[in-house]
Amino acid sequence: MADRVELTGWGLYPRRPTRLRRAGNAAAIAALLDPAGMIARGNGRAYGDPAIGLSTTIDMRRLDRLIAFDDATGLLVAEAGLTLAEIIDIFLPRGWFPAVTPGTKFVTLGGAIAADVHGKNHHGEGSFRRHVAWFDLLGPDGVERRCSSDEHAELFHWTMGGMGLTGTILRAAVWLRPVETAWIRQRTIPTASLAETMDAFEANAAATYSVAWIDTLAAGRSLGRSILMLGEHAGVDELPSPLAANRFARRRGPTLDVPLTPPISLVGGPVIRAFNALYYARNRSKAGNSLVSIDSFFYPLDAILRWNRIYGRRGFVQFQCVLPLAAAQAGLTTMLSRIAASRTGSFLAVLKRMGAEEGPFSFPMEGYTLALDFPVGRRTEALTAELRAMTRDHGGRLYLAKDAQMTEAEMSVLDPRGLAFARWRREHGLAGPLRSHQSERLGL
Amino acid sequence: MPTLLVVGATSDIAEATARRFAAAGYALQLAGRDKAALAAIAADLELRHRVAVTVHRCDVVEAEDRAALLGGLPVLPDAVVCAVGLLGDQRENETDSVAAERVMRANYEGPALLLGSLAEAFAARGTGVIVGISSVAGERGRASNYVYGSAKAGMTAFLSGLRNRFGKTGVHVVTVLPGFVDTRMTAGMAVPPALTAKPEEVAQAIWRAVERRKDIVYVRPIWRWIMAIIGAIPEGLFKKLSI
Ligand SMILES: Cc1cc2nc3c(=O)[nH]c(=O)nc-3n(C[C@H](O)[C@H](O)[C@H](O)COP(=O)(O)OP(=O)(O)OC[C@H]3O[C@@H](n4cnc5c(N)ncnc54)[C@H](O)[C@@H]3O)c2cc1C
């Protein structure tokens, strides 16, 4: 049996050796414990190396069973390897939707909890943790613990945002939210500058969902010009009659696949420039209200399977920071100026207003989060290092689910909570047996 | 609502198959050795597809268990999928006859006897589909897994005989030859991706075979060619090869 495989995260970078194991039930997972350093892996949608075990990686995808559902409260109990995509397929037709969803539905419950993911409604609904009633965590000691705000509360809170480093989530109970239709009422607001973009966010704090796409190539007076999108779940009486007749119907558009990884990146500077200009122009003309499907509002990229491959074999990195409210405008101006000057651009540049910080080690804090991606290469390495320094200078922090490059030294300054987490892990005997390539890199 | 009986229901292939049929509205009967695991799969199927599911404890190699299963089914199913199998360890099987016996019984004796009895019941009713999951390993004995392979050869021949016997009736027999499958058994093994099917792919192939009354199904068609080539190698040469 060939024992070691090479794994990557969604960014296809970095590539790391590990022993990959899979099990179909909790007992079999317990039998796979590896004191040399193991980590659970959900659907591999984190970008860097958090879901690659130092010695062993446990693929959780086959633990994907539904256990119970209460259609009075929307409380779903399921195994940790179930994806949000499956939850939506099963429960949207019954009038339920994940309370919080990241920009891809191909994440597992375990991955959503471990990264404590946030969505376009963070300012109102908080991150995933707010909608978790409890979960069962398998410790490296082989003991299963039910964790909630009453039981093993400390473990409960560190786990959400703990990137798999507190144990293996076996099953979880999460609240879904009731929805009347599979449609979103979208309002599109083009803005001409960063200040205007931020004002529009603040003026629309009451919107359920909000997110802005920034034109990273715009400079000077139009630096930070964006397309802000607001969304509300459409009520059944808000649908035109042909749609209302079948309010949970979802259009299954054609899915594209990128079957092979091209040897070089297809998204060089000119392509990004063209894309950005086009995207801005098209959406600008679509300003105003429209009715869009849940899939196109939340998951535009999911329609292209394996789109990560267009960046070529070397892969790409995401840079996602959050800046505290007071420093956000200055910080974003510095960063966006630097990116515009580099003429590298970013295919995706997403800005989001975040609500209050919760939990001891979760990413979000009150302020603005900026997410960008760059193909891996020497030029962009220097750029992302500068962006990390700018994040530090403005009191922000980075998202571990997107990180592939931070160093231990950078981490200790950017997010001192990591030191407390590492100490807590040592005190509870978790630091030795639960290790990912990321935890090694960051000294967690 | 049609009913499917799945034997060996806790395997990855069986579970994927149960989901595929449940998605099409089949009620399910799940049989296997581990009642708790069966109950978890049943709960999932009921919530996921809102179909009726019953669970039945049965170790197919035990005659009493087989009889109890057949006597205990709430209704005679419209179709049965038998996914019982045990790979075992070839080296151990060469020296430990108890281990070898276990592999032979789990891959041939138990499943064949159970499907044989169901075939009788289906024939009496006049309709029914029997799906046996055998293996390409049964097409030629090889040094690396002939204990397992020989039992699967028995299974393949048994299914072929059943199919021949019922050729002109409403009872249909499908032989599924999955090739490599990406299951718990092979996780971490360096299996070639082009030859390796997902459990969902096997499930879909079984579904199609039942719908379209196919006889012999290679989940990945390339296996038909691979096995044709392996089968064509003259014995004199074959015995000197290690494949
Ligand atoms: C296109 C795209 C858009 C995205 N948008 C957002 C967004 O808007 N907001 C956001 O917050 N994130 C976003 N993400 C990141 C993604 O939500 C997270 O990385 C998420 O954790 C991925 O889940 P996964 O199941 O694939 O987990 P993996 O990537 O496999 O693992 C991620 C982490 O979770 C841990 N983990 C997984 N399963 C378990 C388990 N059962 N028990 C314990 N630990 C476990 C792993 O050890 C690892 O540390 C996006 C990612 C992509 C690809």
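So you know, we letter chains A, B, ... as the sequences are listed, proteins then strands, and number each from 1.
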Exercise for review: Under 4.5 Å heavy-atom distance to chain B, tell me which part of Arg19(A) shows up: side chain, backbone, both or neither.
Suggested key: neither
Point to revise | Residue list, side-chain hydrogen bond (donor to acceptor under 3.5 Å, both in side chains) with Asp34(A), at least two apart or on another chain | key: Ser55(A), Thr56(A)
Review point. Among residues 35-58 of chain B, which residues come closer than 4.5 Å to chain A, judged by heavy atom distances?
Key: Ala40(B), Ile41(B), Ala43(B), Asp44(B), Leu47(B), Arg48(B), His49(B), Arg50(B)
Review point. Got a sec: does the CD1 of Ile233(B) have more than 12 other heavy atoms crowding it under 6.0 Å?
Key: yes
**Study point:** Part of Asp64(A) lying under 4.5 Å from any heavy atom of chain B
**Key:** both
Review point. With a 4.0 Å cut-off, would you call Arg62(A) and Glu200(B) a salt bridge?
Key: yes
Exercise for review: Let me know if Glu79(A) has heavy atoms under 4.5 Å from chain B in its side chain, its backbone, both or neither.
Suggested key: neither
Check your understanding: Which answer fits Ile67(A), side chain, backbone, both or neither, if we ask what part of it has an atom under 4.5 Å from a heavy atom of chain B?
Key -> backbone
**Study point:** Residue Arg33(B) excluded, over 12 heavy atoms near CZ under 6.0 Å
**Key:** no
